[in-house]
Amino acid sequence: MRIIPVASGKGGVGKSLVAANLGVAFAQAGQRVVLADLDLGASNLHLVIGHRAPELGIGTFLNDIRSDFSRVIVDTDVPGMRFIPGDGEIPGTANLKVSQRNALVKNLLALQNSTDILILDLGAGTHQSILDFFLLSGQGIVVSAPAVTAILNGYVFLKNAVFRLMYSVFRKGTNAYAYLEAARADVTGKTRQYIPQMLREIQKIDPQSYERFRANQAHFHPRLIMNMLEDPKDADVALKIRRSCEEYLGVSIEHLGVIYRDGLQDTALAARLPIVIYKPQSLLSQAIYRIADKILQGPEEKLELGIAEINGSFQEAAMEAEIDFENKTEYVEELLHSGALTQGDLLETVKSQQLDISKLKRENNFLKLKLTQAMSQGFKP
Ligand SMILES: Nc1ncnc2c1ncn2[C@@H]1O[C@H](COP(=O)(O)OP(=O)(O)OP(=O)(O)O)[C@@H](O)[C@H]1O
Ligand SMILES: [Mg+2]
């Protein structure tokens with residue numbers, strides 16, 4: 001069973017669109033597909049595939065992890081594609097208890113006898129449970145877009161995924177683990193160099209852990225999709241992100257392809273149909289089919305993390321503070337260096353964000369004024 005987690009770092013860049021439409025494309029190619037909505041707390045994948053509001057979903061299962069998981073797997077109108085709805089009511093994926101995550105992973109992995117491809121639509125953000133779901137495959141997809149914030153968030157996600165992989169591989173009590181913890185605690189950032197440099201250090205002080213990491217790194221080839229392109233010149237940003245990842249994260253990214261912004265998607269959504277069914281000839285659908293083909297033709301790579309290590313890292317996770325590398329800002333320099341971002345891009349973004357802030361301030365002041373007036377006239381808040 002191929003597992004295809006779809007992540008992004010930033011919300012609203014097209015994860016659910018990609019997950020749902022790839023699912024349909026794979027099913028049309030004869031694969032037995034399960035599409036799972038793991039964006040707990042904000043799940044809306046059912047809308048993209050035009051599924052009625054789900055009665056049961058992952059939330060139902062999480063409330064009683066000993067219950068029968070098959071109850072929450074439903075058929076869809078697409079032959080060969082089944083669906084596991086999320087749950088908008090329960091708190092997000094980030095708040096899963098360790099036991100809940102373990103039970104969920106165990107049941108998802110158990111689908112392998114009846115499933116060729118399992119697609120996981122992950123929530124936005126870089127919380128460690130999202131990273132752990134991402135690391136269920138060596139080839140998870142990161143969706144990004146040409147906007148500066150989408151690029152930054154996509155890169156930060158990948159960087160955190162590499163750190164999470166280190167944490168999963170290095171056992172507690174080893175020199176490598178201690179080194180990583182020291183790097184994390186070092187607010188000056190001196191211990192924490194670029195990942196390839198950190199790995200050279202670790203190779204010296206703990207060759208055994210280093211080899212375990214290398215074995216996994218060799219199968220870690222996350223894939224990038226640049227979505228929402230408006231202009232052909234936006235396409236090469238993906239190659240520049242790839243360069244930053246190679247140089248600063250020691251990870252080789254596969255560029256799966258670009259998807260242009262397509263006005264037909266709005267009508268597909270309104271018709272409650274995935275666009276590959278609504279308009280298979282559209283630009284967007286053609287891009288999805290190309291990407292689906294590329295995935296099906298490529299080899300499948302798995303990390304060498306067994307279920308024991310995955311579970312182990314989940315337990316670890318409960319004790320660890322949040323991985324906080326994302327709060328450090330050197331990743332901006334790493335992207336500037338490859339040209340994935342330019343100073344001009346940053347300047348533009350700062351300017352437009354300042355405009356947004358001043359607009360919000362005005363709106364906020366206006367609402368405050370209205371509130372004060374209403375209260376002085378005797379309305380209770
Ligand atoms: N290439 C595209 N062309 C036109 N519209 C698009 C394209 N990609 C995504 N959209 C639209 O952009 C919006 C956000 O997409 P989507 O919901 O798939 O993003 P997401 O990353 O899953 O968001 P969230 O983080 O909120 O789950 C949706 O309305 C979707 O229809
Ligand atoms: Mg989504």
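Indexing begins at 1, ligand by ligand and atom by atom, following the structure's order. These numbers were taken from a predicted model, which means no experiment stands behind them.
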A side-chain contact here means heavy atoms from C-beta on lying under 4.5 Å apart; do Ile259 and Leu284 qualify? yes

Would you check if there is a donor-acceptor pair between the side chains of Lys15 and Ser8 at a distance under 3.5 Å? yes

For Gln343, I'd like to know if atom CD has over 12 heavy atoms of other residues, nucleotides or ligands within 6.0 Å. no

Taking atom 5 (N) of ligand 1 as the reference point, the nearest protein heavy atom with its distance: Gln265 CG, 3.5 Å

Looking only at N/O atoms, are Leu284 and ligand 1 under 3.5 Å apart anywhere? no

How about CG on Asn63, more than 12 heavy atoms from neighbouring residues, nucleotides or ligands closer than 6.0 Å, or not? yes

Could you identify the single nearest non-hydrogen protein atom to atom 7 (C) of ligand 1 and state the distance to 0.1 Å? Asn227 ND2, 3.9 Å

If I apply the N/O under 3.5 Å rule, does Gly12 come out as touching ligand 1? yes

To the closest 0.5 Å, what do you measure between CG (Asp121) and CG (Leu22)? 11.0 Å

Side chains of Arg200 and Gln197: any donor to acceptor distance under 3.5 Å? no

If you count the atoms of ligand 1 from 1 in the order shown, which ones are under 4.0 Å from a heavy atom of Asp39? 27 (O)

Just going by heavy-atom distances, which of Arg261, Met228, Lys10, Lys15 is nearest to atom 9 (C) of ligand 1? Met228

Are any of the protein's heavy atoms under 4.0 angstrom from atom 28 (C) of ligand 1, yes or no? no

Of the backbone and side-chain N, O or S atoms of Ser16, does one lie nearer to the Mg ion (ligand 2) than 2.8 Å? yes

Which atoms of ligand 1 have any heavy atom of Gly11 under 4.0 Å away? 25 (O)

Between His46 and Phe83, is the ring centre distance below 6.0 Å? no

So is there a nitrogen or oxygen of Tyr260 less than 3.5 Å from a nitrogen or oxygen in ligand 1? yes

Protein heavy-atom partner closest to atom 17 (O) of ligand 1 - residue, atom, separation in Å: Ser16 CB, 4.2 Å

Can you tell me which residue and heavy atom of the protein come closest to atom 4 (C) of ligand 1, and the distance to 0.1 Å? Asp262 O, 3.2 Å

Give me the residue, atom name and distance of the protein heavy atom closest to atom 16 (P) of ligand 1. Gly14 CA, 3.7 Å

Atom pair CG (Leu158) and CD1 (Ile241), whose distance is rounded to the nearest 0.5 Å: 8.5 Å

Just need the protein heavy atom nearest to atom 18 (O) of ligand 1, so name the residue and atom and give the distance. Leu17 N, 2.9 Å

So, Gln265 and Tyr278: side-chain donor and acceptor under 3.5 Å apart, yes or no? no

Within 4.0 Å of some non-hydrogen atom of Ile259, the atoms of ligand 1 are 1 (N)

Pair Tyr177 + Tyr167: ring centers closer than 6.0 Å: yes

